[in-house]
Chemist: 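This is the structure I have questions about; it appears just below.
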Amino acid sequence: MKLKGADILINCLLEQGVDTIFGYPGGAVLDIYDALYRNGKIHHILTAHEQGAAHAADGYARVTGKVGVCFATSGPGATNLVTGIATAYMDSIPMVAVTGNVGLNMLGRDSFQEVDIAGITMPITKHNFIVKDVKELASTIRKAFYIASNGRKGPVLIDILKNVQTAECEYEPAKPLPPKKIAIDNGNIDRAAEIINESKKPLVMVGGGVVASRAFDELKDFAEKIDAPVTYTLMGKGALPDDERRNLGMLGMHGTVAAARALIASDCIIALGTRFSDRVALNRELFANGKKVIHVDVDNAEFNKNVNVTLSVLADVKTFLQELTPKLEGKDGEWLKTAKAADGKKDAVANVRAYDILKKAAELAPEDSPLITDVGQHQMWAAQQYPMNKPALFCSSGGLGTMGYGMGAAIGAAFGTGRLCVLVTGDGCFNMNMNELSTAVTEGVPLVILLMNNGVLGMVRQWQKIFYNRRFSQTTLHKKTDYIKFAESFGAKGILIDKNDDIGAKLKEAFDFAAHNLEPVLVDCRISEDDNVLPMIKPGAAYETQLKEMEDD
Amino acid sequence: MQSDTTKYTISALVANKSGVLTRISGLFSRRGYNIESLTVCATEDPDVSRMTVILIGDEYMLNQMIRQMDKLEDVMKIGCANELDCVYRELLLAKVNANSETRSQITLINEVYKAKVVDLSIDTMILELTGDPEKLDAYLKVIEPFGILEMQRTGVTVLARGRHTLKDRDCYGDHVN
């Protein structure tokens with residue numbers, strides 16, 4: 001049948017199983033929005049700002065494993081997506097961003113709202129396309145979804161010129177392209193089995209790749225088989241339940257004492273779907289000092305990029321573990337006991353109110369609630385203290401560290417799961433995209449926002465304490481914002497927690513309200529500006545130097 | 001730059017369309033790596049261009065660049081020519097001062113290097129030479145004293161000897177893209 005380009009786009013999205021889109025209309029996408037309206041089969045969530053739409057598509061993709069989709073118009077609409085696309089790129093989140101652009105006859109003439117978004121997003125997308133001819137539209141969209149969701153996942157942008165949206169072309173429905181399986185070199189499986197069987201103290205290090213390949217059962221079986229302790233990077237949180245006895249918690253700059261000790265004591269690291277970022281490897285020469293390292297990843301370019309490894313295996317983690325585990329011998333369990341012993345000497349429990357709030361919130365939240373964080377101290381506290389016992393429900397900007405990620409991502413996670421969501425944010429981050437609270441209210445998103453309000457940019461301030469002799473340059477916010485009134489003016493509920501004794505009752509009120517009324521609740525949690533994130537390993541330092549308390553406090 | 005630097009020649013078959021060069025050069029620039037020389041042109045298949053990049057760096061830089069380029073959708077095949085026995089060729093055009101006295105001296109040099117005179121005016125000559133880059137370097141040194149007014153080198157092109165072709169290589173893109 002002959003269809004207009006805009007209708008071909010909607011049909012191709014339906015082919016891919018897209019039922020939810022986050023976006024914002026504008027001049028260069030009028031035809032697309034008209035086709036969306038006439039088709040009526042896709043739920044479009046109108047955000048307050050395109051950045052919110054991009055983060056929402058990201059959050060949606062993280063919790064569903066599907067490709068998140070966002071729409072924006074040309075020019076400023078497209079540039080507003082950029083931070084969201086970069087966030088997804090750094091965390092390898094499958095996303096397709098569709099932008100409109102001026103027609104071919106206007107291209108390159110500095111037309112109104114014209115911007116070279118393909119050029120701008122080149123280094124932050126897996127791939128991007130400019131569609132100039134309607135005949136290429138359907139195949140481009142199909143390819144974009146394939147690229148976004150295969151191999152190492154990531155964002156793909158399709159810039160569709162105005163003339164393509166209105167031009168007609170023959171459309172033939174097609175099934176999504178079949179995923180390509182990466183063939184694993186069998187010799188590598190045997191070598192990996194040999195190294196693990198020979199090791200006395202293997203440590204499993206879980207990264208975002210385990211979540212991306214949904215290898216949760218395989219991970220559990222693998223760790224059980226060799227009776228090894230497991231630690232994870234921020235991106236790997238939730239892949240193994242936090243309450244599972246082998247789980248030592250997070251590794252890295254603000255990782256647990258147990259994980260750090262296990263890393264130091266281990267003789268073999270099995271790194272699954274992780275890229276040894278500087279927030280985890282910290283010092284890339286000292287990180288694996290003399291240990292055997294097996295690195296499994298779908299991205300060939302990650303091998304020996306940051307840390308030199310003993311064996312690199314190009315594979316999807318899921319298939320790798322399926323083939324590896326039967327070849328492994330059981331271990332005696334002594335090593336796990338030693339590693340767990342350090343767990344008892346848990347991280348110095350400072351009097352941090354956020355800990356109590358997070359622990360209580362985790363108790364009150366339904367078991368399968370997604371947890372979304374913004375970026376900073378609250379993010380690290382959440383990663384340390386909020387147990388994730390179900391996989392793929394933790395959404396946090398790991399690689400890019402995008403302040404302002406949370407509100408949009410929470411909306412996306414809510415639509416992805418249809419469940420109540422918990423957002424942990426700070427007053428710095430919340431101020432960046434608080435406009436999206438209006439979206440959450442309009443869409444009736446059951447969302448509990450734990451706003452860790454300390455009046456400062458806590459993480460930056462903590463670094464100023466440690467590295468800049470307490471010169472708090474521009475990290476004190478001096479805002480007069482009344483967050484309760486703010487929430488109410490947006491049509492949400494606001495609750496204040498300013499006493500430790502109130503935590504239980506006020507949080508219960510918040511969760512009950514959000515669940516019953518399908519509305520967002522903002523909890524203004526007043527916390528001290530002097531609370532720190534500990535433990536901490538300084539950038540570039542060895543794991544042996546982990547600080548359990550602040551040196552000058 | 002690192003102490004143990006080598007001159008690496010990277011060959012790639014890439015999609016012949018707009019934007020591909022930007023994608024590839026972006027991979028170099030974001031890592032602070034400099035492209036020493038770059039040659040790109042369509043091949044026997046009009047949809048495919050062949051690209052030759054010279055990178056001066058260490059093995060880490062080479063491995064990163066090959067693997068990062070291999071990940072690009074538009075890169076079909078990639079390899080490093082240093083691993084193989086290859087023929088390297090480059091073309092040079094150089095405009096030099098040449099009056100009636102120096103003309104014969106230059107012609108003598110040209111005979112040794114098998115260079116050609118492709119333009120001649122009262123006081124200048126344009127010289128053409130094809131060969132491997134080292135030969136061009138040596139030739140330039142000898143004609144430099146006459147005064148080079150302007151010059152252009154095409155950048156290196158390279159093909160492996162024997163039946164080996166870039167198309168036959170097994171690349172990451174074959175498994176994932």
Side-chain angles (χ1 to χ4, degrees), chain A residues 86 89 92 107-108 116-133 136 140 143-144 146-154 156-159 177 179-185 275 284-285 297-309 312-316 319, chain B residues 2-4 8 10 12-35 40 46-47 49 51 53 55 57-80 83 169-177:
Chain A
Y89 183 68
S92 308
L107 205 64
D116 174 18
I117 194 63
I120 290 172
T121 58
M122 217 171 251
I124 54 165
T125 50
K126 246 189 106 173
H127 193 62
N128 59 21
F129 300 93
I130 303 172
V131 187
K132 295 185 196 128
D133 182 348
E136 288 164 10
T140 302
K143 205 160 171 227
Y146 175 84
I147 294 168
S149 56
N150 276 274
R152 181 173 178 174
K153 301 176 202 303
V156 178
L157 179 129
I158 314 172
D159 195 27
L177 297 163
K180 203 168 198 173
K181 290 248 181 227
I182 303 172
I184 311 178
D185 178 347
R275 59 186 170 85
R284 51 180 190 257
E285 266 82 41
D297 208 286
V298 280
D299 183 353
N300 193 41
E302 287 304 335
F303 300 129
N304 300 315
K305 186 182 88 177
N306 290 337
V307 168
N308 287 328
V309 300
S312 42
V313 186
L314 182 70
D316 180 79
T319 14
Chain B
Q2 283 86 347
S3 50
D4 51 344
Y8 293 107
I10 301 170
L13 295 178
V14 304
N16 183 11
K17 55 185 180 195
S18 68
V20 178
L21 192 58
T22 318
R23 280 179 213 282
I24 291 171
S25 62
L27 289 182
F28 283 79
S29 61
R30 64 175 288 213
R31 289 174 176 78
Y33 301 169
N34 186 32
I35 294 175
V40 53
D47 292 336
S49 287
M51 183 178 275
V53 186
L55 170 73
D58 57 20
E59 216 168 306
Y60 173 84
M61 290 163 74
L62 172 74
N63 285 333
Q64 264 300 300
M65 282 330 300
I66 288 195
R67 288 172 174 186
Q68 293 292 350
M69 280 173 72
D70 204 353
K71 271 169 46 174
L72 291 180
E73 285 299 315
D74 290 331
V75 173
M76 296 149 194
K77 294 285 178 182
I78 185 158
C80 176
E83 299 160 8
R169 282 184 77 102
D170 183 47
C171 293
Y172 172 72
D174 301 325
H175 300 277
V176 178
N177 289 1

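Numbered from 1 within each chain, the chains take letters A, B, ... in sequence-line order.
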Chemist: So which part of A:Lys143 gets closer than 4.5 Å to some heavy atom of chain B, the side chain, the backbone, both or neither?
Modeler: side chain
Chemist: Could you tell me which residues satisfy salt bridge (Lys or Arg N to Asp or Glu O under 4.0 Å) with A:Asp299, sequence neighbours excluded, listed by chain and number?
Modeler: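 Salt bridge (Lys or Arg N to Asp or Glu O under 4.0 Å) list for A:Asp299, sorted by chain: A:Arg152, B:Lys71.
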Chemist: Taking A:Lys305's backbone N and O only, do any of them form a donor-acceptor pair with B:Tyr60's side chain (distance below 3.5 Å, no angle check)?
Modeler: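 Confirmed, B:Tyr60 side chain pairs with A:Lys305 backbone.
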Chemist: Measure distances from B:Gln64 to the heavy atoms of chain A and classify the residue's part below 4.5 Å as side chain, backbone, both or neither.
Modeler: side chain
Chemist: Side chain from CB out, backbone as N, CA, C, O: work out which of these in A:Ile130 comes under 4.5 Å of a heavy atom of chain B, or both, or neither.
Modeler: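 For A:Ile130, no heavy atom lies under 4.5 Å from chain B.
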Chemist: As an exercise, state the distance from CE of A:Met122 to CZ of B:Arg30, rounded to the nearest 0.5 Å.
Modeler: 13.5 Å
Chemist: Using a 6.0 Å cut-off, check whether atom CZ of A:Arg284 has over 12 heavy atoms from anything other than its own residue.
Modeler: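 Check fails, neighbour count at 12 or below.
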Chemist: Any sub-3.5 Å donor-acceptor pair from B:Arg67's side-chain atoms to A:Phe303's backbone N or O?
Modeler: yes
Chemist: Using side-chain contact (heavy atoms from CB on, under 4.5 Å), reason through B:Glu73 and A:Asn128 one step at a time and then give a plain yes or no.
Modeler: CA-CA 9 Å; B:Glu73 285 299 315; A:Asn128 59 21; over 6 Å; no
Chemist: For residues B:Leu72 and A:His127, determine if any side-chain heavy atom of one lies less than 4.5 Å from a side-chain heavy atom of the other.
Modeler: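 B:Leu72 does not reach A:His127 side chain to side chain.
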Chemist: For a quick test of reading the model, state the closest non-hydrogen atom pair linking A:Val298 to B:Tyr172 and the distance between them.
Modeler: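 In terms of heavy atoms, the two residues are closest at O-OH, 2.5 Å.
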